[in-house]
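Step one of this worksheet: look at the structure below.
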Amino acid sequence: MLDEVETKNLRSERSQQMTTTPIGEGSLGCLVRLFFSFRNIIRSRQRNLGMISRLKRSARARRARAKISRTWQILRRKCNRGYCSICERQVYFAIEGPYLRNDYKCVNCQSIPRWRALMFVIAELYPKWRELKIHESSPGGPLSAKLARECPKYLPTHFFADTPRGQIHKGFRCEDLMAQTFENESFDLVITSDVFEHLPDVALAVREIMRTLKPGGAHIFTVPWVRWKKTLVRALVKDGVLQHLEKPDYHGNPIDSSGSLVFTEWGVELPFLLQDWGKFPVIIHTIRDRSLGIDGQFPEVFVQQKPY
């Protein structure tokens with residue numbers, strides 16, 4: 001009888017032990033734990049994949065919205081696709097105003113037609129321009145930045161009235177285009193962009209440029225040329241005194257917020273005067289091609305080359 005009671009008590013204790021044993025301590029517990037671990041890993045990976053998928057979808061959506069926005073901007077701003085001689089790749093050109101000469105811009109580099117026309121002519125006539133010694137008077141804008149970046153022998157100059165010629169001021173060498181301090185035959189190319197209308201004596205400047213050019217070198221430049229009219233002198237300097245013959249007119253100046261005074265509006269006589277002053281022929285390149293982003297008023301690029 002006693003044995004039966006003890007046996008029952010032992011069974012009761014064993015059943016209690018079995019019910020109170022932690023699930024992780026048995027083989028079944030290990031299997032259960034592994035099952036839940038795998039399930040959590042799978043769910044975590046599913047969440048990560050879902051997040052990556054959502055990110056990809058959102059990135060595609062952003063790219064699609066950006067493309068739609070660019071297309072809308074192109075249509076709204078009257079753009080066209082073409083080759084920019086400054087960027088040297090296909091870009092979009094945008095018309096941002098009625099005066100195309102200043103308002104027809106490369107969306108990428110913000111260049112305007114006369115800079116692109118200058119670069120196009122330079123690259124066509126002197127394809128190895130990066131190896132040449134280039135002087136640019138009154139630089140400014142993407143064209144000048146390209147020359148400075150890619151041509152090791154590029155030398156930009158500005159005229160500072162309060163600085164001696166030949167000295168460095170604000171990062172530029174001070175030079176008066178009409179009385180330069182450079183030695184004879186110093187440069188392969190001289191570049192000016194809309195400078196000649198702001199000089200009181202262009203004849204002196206042309207002679208100085210020709211003097212500083214090496215044989216075979218050239219002055220490549222732009223200037224507003226009203227070829228259907230006679231030249232109009234708006235201001236002059238006589239005996240050191242500035243005299244206004246017309247209402248003063250100013251253009252933008254990269255180093256002076258007050259602008260540059262226009263001395264002369266060049267007309268039909270300009271090519272003949274240039275040839276007379278420089279003693280060498282002048283070739284005029286007239287480019288109007290929207291596939292090159294070149295259009296607008298006064299598109300001419302003048303080239304006066306010094307013979308070998």
Side-chain angles (χ1 to χ4, degrees), residues 82-89 91 93 99-151 153-158 172 177 187-199 202 205-206 209-210 212-213 216-227 251-254 260 266 270-271 274 278 280-306:
Y83 179 82
C84 175
S85 58
I86 294 177
C87 297
E88 296 191 72
R89 63 184 179 89
V91 298
F93 300 109
Y99 189 59
L100 295 185
R101 194 167 192 265
N102 291 337
D103 298 331
Y104 185 33
K105 296 183 179 180
C106 170
V107 173
N108 185 57
C109 71
Q110 294 296 298
S111 62
I112 57 178
R114 60 183 165 95
W115 294 334
R116 295 192 288 270
L118 269 171
M119 190 67 248
F120 181 80
V121 172
I122 292 168
E124 285 290 307
L125 299 181
Y126 295 88
K128 295 183 178 181
W129 60 268
R130 291 175 178 84
E131 303 172 9
L132 303 181
K133 191 171 182 181
I134 300 176
H135 170 212
E136 184 181 15
S137 176
S138 304
L143 170 63
S144 301
K146 179 181 180 68
L147 295 174
R149 185 172 58 249
E150 300 182 24
C151 180
K153 298 178 183 178
Y154 169 75
L155 178 60
T157 66
H158 278 290
F172 295 95
L177 202 57
F187 302 103
D188 299 292
L189 294 178
V190 175
I191 298 170
T192 60
S193 176
D194 284 18
V195 173
F196 273 9
E197 70 268 36
H198 302 295
L199 299 178
V202 173
V206 172
I209 290 170
M210 291 297 114
T212 61
L213 279 173
H219 178 208
I220 304 177
F221 64 101
T222 62
V223 65
W225 181 36
V226 191
R227 62 184 184 277
H251 293 171
N253 187 329
S260 295
W266 293 106
L270 178 60
L274 291 171
F280 304 119
V282 177
I283 297 174
I284 303 171
H285 299 257
T286 302
I287 307 171
R288 290 187 188 276
D289 187 346
R290 292 210 175 182
S291 70
L292 296 172
I294 302 173
D295 200 357
Q297 301 80 358
F298 314 124
E300 295 83 9
V301 176
F302 295 78
V303 179
Q304 191 164 22
Q305 187 178 32
K306 187 174 184 177

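Between the CG atom of Asp103 and the CD atom of Gln297 there is a distance of 8.5 Å, given to the nearest 0.5 Å. The SG atom of Cys109 lies 7.0 Å from the CZ atom of Arg116; values are rounded to the nearest 0.5 Å. To the nearest 0.5 Å, atoms OG (Ser111) and CG (Leu143) are separated by 8.5 Å. Here the SG-CE distance, from Cys87 to Met119, works out to 12.0 Å after rounding to the nearest 0.5 Å. In this structure, Phe93 CZ and Leu100 CG are separated by 13.0 Å, a value rounded to the nearest 0.5 Å. Here CD1 of Ile294 is found 9.5 Å from CG of Leu118. Values are rounded to the nearest 0.5 Å.
Among residue pairs with one or both ends in residues 131-143, none qualify as salt bridge (Lys or Arg N to Asp or Glu O under 4.0 Å); sequence neighbours excluded. Among residue pairs with one or both ends in residues 294-303, those qualifying as salt bridge (Lys or Arg N to Asp or Glu O under 4.0 Å) are Arg227-Glu300, Arg288-Asp295, Arg290-Asp295; sequence neighbours excluded.
Counting heavy atoms from C-beta on, the side chains of Ile284 and Pro271 come closer than 4.5 Å. Using a 4.5 Å heavy-atom threshold, the side chains of Val303 and His285 count as touching. For the pair Ile209 and Gln304, the minimum side-chain heavy-atom distance is 4.5 Å or more. Contact of the Val226 side chain with the Phe298 side chain is registered, since non-hydrogen atoms from C-beta on lie closer than 4.5 Å. Under the 4.5 Å side-chain criterion, counting only non-hydrogen atoms from C-beta, Phe280 is not in contact with Gln305. Side-chain contact between Leu189 and Tyr126 is present, with heavy atoms from C-beta onward closer than 4.5 Å. Annotation: side chain of Thr157 is not in contact with side chain of Phe172 (no heavy-atom distance under 4.5 Å).
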Evaluate His158 against Ser138 for side-chain contact (heavy atoms from CB on, under 4.5 Å), listing each step before the verdict.
CA-CA 5 Å; His158 278 290; Ser138 304; 4.2 Å; yes

For Phe120 and Val301, run side-chain contact (heavy atoms from CB on, under 4.5 Å): C-alpha distance rounded to whole Å, both residues' side-chain angles, the deciding distance at 0.1 Å, then the answer.
CA-CA 10 Å; Phe120 181 80; Val301 176; over 6 Å; no

Could you please spell out the steps behind the side-chain contact (heavy atoms from CB on, under 4.5 Å) verdict for Ile287 and Val121?
CA-CA 10 Å; Ile287 307 171; Val121 172; 4.0 Å; yes

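Scanning for ring pair (Phe, Tyr, Trp, His ring centres under 6.0 Å) contacts around Tyr154 gives an empty result, with sequence neighbours left out. Applying the salt bridge (charged side-chain N to carboxylate O under 4.0 Å, His left out) test to Lys146 and every residue at least two apart in sequence or in another chain returns Glu88, Glu150. By the ring pair (Phe, Tyr, Trp, His ring centres under 6.0 Å) test, Phe187 is found to be paired with His135, Phe182, residues two or more places apart in sequence or in another chain being considered.
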Taking only distance into account, with no hydrogens and no angle test, what donor-acceptor pairs under 3.5 Å do side-chain atoms of residues 190-199 form with protein atoms, sequence neighbours excluded?
from   : atom 1 : to     : atom 2 : distance (Å)
Thr192 : OG1    : His219 : NE2    : 2.9
Ser193 : OG     : Arg114 : NH1    : 2.5
Ser193 : OG     : Trp115 : NE1    : 3.4
Asp194 : OD1    : Arg101 : NH2    : 3.0
Asp194 : OD1    : Thr222 : OG1    : 2.9
Asp194 : OD2    : Arg101 : NH1    : 2.6
Asp194 : OD2    : Arg101 : NH2    : 3.3
Asp194 : OD2    : Arg114 : NE     : 3.3
Glu197 : OE1    : Val195 : N      : 3.4
His198 : ND1    : Leu261 : O      : 3.0

